[in-house]
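Note sheet for the following structure.
By convention here, the first residue in the shown sequence is residue 1. Quick caveat: nothing in here was measured; it's all calculated off a predicted structure.
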Amino acid sequence: MKCATPIWRRCRNEGIMVLQNMIFPKKGICEEEELYFHDREGTATCEDGHLFVPKGEAVSFLTYFNSFSAGKWREYTRVRDVEAVLEFEGRCEVSLCRARMRGEKLERELVGEAKGARHEDGRSCLPFTPGQEEWIYYVSVKALEDTRILGGGYETAAEISREPVSIAIGICTYRREEYVKKTLETLRTQVLENTGSELGSHVQVFVSDNGNTLSVDELSGEKIHVVYNKNAGGSGGFGRCMLEALRSQERYSFTHILLMDDDIILEPEAIFRTYAFLSVLRQEFHGYLLGGSVLRLDLPYIQNENGAMWTNGQFGVLKSGYDLRQESNVVQNEERMRVEYNGWWYCCIPMGEEFGSSFPLPVFIHIDDVEYCLRYDGHIITLNGIGVWHGAFFNRRASSMEYYDMRNGLICDAIHHPEYTKKRIKDRICHQLVAKLLKFRYEDQLVILRGVKDYCKGVGFLKEKDPVLLNGEIMQMGYPQQDVSSLLEQCRVDKYYQKPSEQELYHPQPFSLKHKLSLNGWLLPGKKDCIPIAMGAHPRFWYRCKKALLFDPDTQKGFLVKRRWSQVFVTVGRCIKARRLINKNYESVVSDYQQHAHELKTREFWEKYLDV
């Protein structure tokens with residue numbers, strides 16, 4: 001596949017506003033064709049950034065990147081009259097269609113046609129007005145002779161008032177030099193210096209380098225600002241980006257800050273669509289977040305998450321496992337659901353009057369974005385075509401994360417769900433302790449208990465404890481991960497481990513009757529072999545296991561664990577200890593966070609916290 005950089009079309013006159021551009025697969029970003037187009041015979045090909053459609057071939061653009069979510073544009077923006085535009089060379093039939101789900105069936109309708117469109121015209125415009133019903137609009141093309149599709153998209157020619165939008169992109173990084181350099185190069189060449197788009201003059205990029213390893217002089221410029229930051233984790237890095245955006249507010253008049261992870265793959269058109277959508281947002285939605293979905297790097301057509309819920313300390317990810325090559329999934333992906341949380345792999349936050357006292361909590365890493373998003377009470381918008389690719393999270397189970405997940409989850413609920421009872425909280429903690437027992441990760445129970453203990457210390461602990469020193473203490477706990485590639489061979493990894501199918505990844509089998517009756521095999525003799533098990537696997541994989549090598553299939557790092565009956569009694573004791581901690585401190589610590597958590601969100605606190 002030979003691909004070029006995306007083409008952002010210049011408006012022919014000031015009366016036309018481009019809402020979204022038609023884009024094609026790109027080497028180095030994504031080459032999964034069915035996220036961009038469907039061809040009936042499989043003969044359409046990408047050439048030099050264009051799509052070549054041979055005579056007789058038919059192409060549909062009912063895809064994740066090239067369909068138009070008319071229902072959401074109508075609800076949230078001032079856009080009413082839209083034109084689907086196709087720019088081409090050759091002769092073809094161009095049709096405007098729309099689709100929606102009726103139960104489990106995909107329903108399609110023809111909206112308009114441009115039959116026999118010719119090369120001399122070079123441009124087909126099919127107008128439509130989105131109604132109240134939920135439809136996804138798309139273009140389909142049948143080549144009457146060899147045809148080259150140059151571009152297109154959706155635009156509005158109607159007079160429409162646009163709000164000024166200026167975006168500060170905030171990226172937090174820690175010793176991931178190659179990842180962040182690639183992201184910055186993509187932003188520089190295809191956004192900041194793209195003379196074919198108005199977007200470049202409305203974006204500035206701020207990078208918080210928590211590892212202090214990037215070359216500030218080499219990477220910084222007129223529109224990219226790299227600053228060294230103390231290693232206060234992801235929340236500290238994103239907090240620093242927010243702080244730098246505020247400090248530059250008078251110069252750049254930022255309206256939004258777009259927070260992004262450093263290890264993503266970014267389709268730059270997502271930023272253009274974010275900008276266009278925000279510029280015509282209706283007044284009543286100015287305070288909403290605009291979130292991006294996250295797709296897998298290893299399976300780039302599979303969506304990990306498109307928004308999420310937060311219930312009793314657990315993530316309820318939405319639309320997880322969708323294969324976005326499937327047209328029905330593209331349509332279902334725009335189904336309206338309440339979204340309470342969107343990860344900071346791609347999350348655009350309005351910088352309104354209260355932004356200066358609305359920093360994240362200083363909780364180092366994990367659930368900082370959950371707590372922040374819960375402040376918006378479900379006022380989060382997602383949109384097909386706005387998203388990023390990210391590595392899978394399933395097997396990243398460092399012991400230190402058990403501390404932050406437990407402590408930060410409890411803090412989050414103390415602030416947003418003070419109605420939760422002691423029993424609910426105690427049961428949750430004990431459930432996690434038992435989960436570690438089932439996976440033989442007994443030392444992680446101590447990490448979890450440390451999280452509970454520090455949670456009970458209240459707001460003052462977060463104010464006074466140095467995050468760098470605290471993280472150093474936590475990193476010494478639990479299980480250090482080492483290269484286990486040689487051990488994997490000895491444990492016959494080819495026999496025991498198979499990469500899970502897409503179905504198994506998102507719909508794992510639950511415990512069977514034999515697992516339940518035998519306490520997952522603990523009541524039965526253990527297998528003699530040392531069994532290699534992926535860290536993120538379901539506990540049923542530990543069935544009758546006596547010794548296991550837990551590992552991350554991507555990094556080949558891991559550690560050995562063993563089944564020990566004595567740890568059952570130790571776990572009971574640790575559950576009792578956790579319950580006593582909650583019984584003693586719960587009401588007072590919830591009251592503390594209710595009354596004083598706001599003190600951790602101010603600009604003044606963060607300048608002191610980060611020593612800047």
Side-chain angles (χ1 to χ4, degrees), residues 1-8 20-54 57-67 86-88 138-141 143 147-153 178-191 194 260-273 292-306 321-327 329-330 333 345-346 383-392 499 501-502 505 554:
M1 179 181 296
K2 189 177 180 181
C3 302
T5 56
I7 298 174
W8 274 304
Q20 69 180 57
N21 294 284
M22 178 176 287
I23 57 175
F24 302 123
K26 303 178 189 68
K27 188 175 182 180
I29 294 180
C30 180
E31 299 183 49
E32 194 64 49
E33 293 182 349
E34 289 184 286
L35 293 180
Y36 302 86
F37 65 89
H38 298 289
D39 51 341
R40 185 177 60 195
E41 303 296 334
T43 57
T45 56
C46 280
E47 299 177 355
D48 299 322
H50 306 143
L51 183 62
F52 175 74
V53 186
E57 177 66 284
V59 176
S60 165
F61 293 99
L62 178 52
T63 60
Y64 177 71
F65 281 114
N66 286 321
S67 59
L86 189 77
E87 297 173 349
F88 62 94
Y138 64 99
V139 171
S140 63
V141 178
T147 298
R148 191 180 306 276
I149 298 177
L150 307 177
E178 295 310 310
Y179 281 107
V180 76
K181 285 180 180 178
K182 181 177 181 179
T183 300
L184 290 177
E185 181 64 12
T186 298
L187 289 170
R188 186 183 64 80
T189 58
Q190 301 190 37
V191 176
N194 187 343
M260 299 194 307
D261 278 345
D262 58 347
D263 55 348
I264 59 170
I265 297 295
L266 172 70
E267 167 53 67
E269 167 71 9
I271 300 177
F272 176 81
R273 295 182 186 184
S293 62
V294 59
L295 287 72
R296 294 177 65 106
L297 275 177
D298 56 343
L299 300 169
Y301 49 87
I302 296 293
Q303 180 174 264
N304 252 342
E305 183 177 318
N306 187 19
Y322 277 24
D323 182 343
L324 294 177
R325 297 173 300 180
Q326 304 298 321
E327 293 176 328
N329 285 340
V330 170
N333 207 38
W345 44 75
Y346 191 104
L383 203 64
N384 273 348
I386 296 180
V388 298
W389 290 270
H390 198 293
K499 186 175 181 179
S501 67
E502 295 166 19
L505 280 171
D554 295 326

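In this view, Phe52 satisfies the ring pair (Phe, Tyr, Trp, His ring centres under 6.0 Å) rule with no residue, not counting sequence neighbours. Shown here are the salt bridge (Lys or Arg N to Asp or Glu O under 4.0 Å) partners of Asp554, two or more places apart in sequence or in another chain: there are none. Applying the side-chain hydrogen bond (donor to acceptor under 3.5 Å, both in side chains) criterion to Tyr36, with sequence neighbours excluded, gives no partner residue. With sequence neighbours left out, the side-chain contact (heavy atoms from CB on, under 4.5 Å) criterion links Glu327 to His38, Ser60, Leu62, Leu106, Arg108. For Tyr346, there are no ring pair (Phe, Tyr, Trp, His ring centres under 6.0 Å) partners, not counting sequence neighbours. In terms of the side-chain hydrogen bond (donor to acceptor under 3.5 Å, both in side chains) criterion, residue partners of Tyr64 (sequence neighbours excluded) are, by chain and number, Ser293. Partners of Tyr179 by side-chain contact (heavy atoms from CB on, under 4.5 Å), not counting sequence neighbours, listed by chain and number: Arg176, Asp263. Residues that satisfy the side-chain contact (heavy atoms from CB on, under 4.5 Å) test with Arg296, not counting sequence neighbours, are Asp298, Leu299, Ile302, Asn304, Ala392, Phe394, Leu505, Tyr506. Residues meeting the side-chain hydrogen bond (donor to acceptor under 3.5 Å, both in side chains) test with Gln303, sequence neighbours left out: Asn333. Legend: residues meeting side-chain hydrogen bond (donor to acceptor under 3.5 Å, both in side chains) with Glu41, ordered by chain and number and at least two apart, are absent. Taking the salt bridge (Lys or Arg N to Asp or Glu O under 4.0 Å) definition, one finds that Arg188 meets it with Glu185, Glu193, sequence neighbours left out.
By the 4.5 Å heavy-atom criterion applied to side chains, Leu86 and Ile149 are counted as neighbours. Put simply, the side chain of Asp39 does not reach to within 4.5 Å of the side chain of Val53, judged on heavy atoms. Residues Trp389 and Cys30 are in side-chain contact: their nearest non-hydrogen atoms beyond the backbone lie under 4.5 Å apart. Two residues are said to be in side-chain contact when any heavy atoms from C-beta on lie closer than 4.5 Å; Pro268 and Thr186 meet this criterion.
A salt bridge (Lys or Arg N to Asp or Glu O under 4.0 Å) with Lys26 is found for one member of Glu267, Glu269, Glu31 and no other, namely Glu267.
The backbone N or O of Ile23 sits nowhere less than 3.5 Å from a side-chain atom of Asn21 that would complete a donor-acceptor pair. Within the 3.5 Å criterion, the main-chain N or O of Asp323 finds a donor-acceptor partner in the side chain of Asn329. Checking side-chain atoms of Ser67 against main-chain N and O of Thr63 turns up a donor-acceptor pair under 3.5 Å.
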Leu35 vs Tyr301, test: side-chain contact (heavy atoms from CB on, under 4.5 Å). Steps then yes/no. CA-CA 7 Å; Leu35 293 180; Tyr301 49 87; 4.3 Å; yes
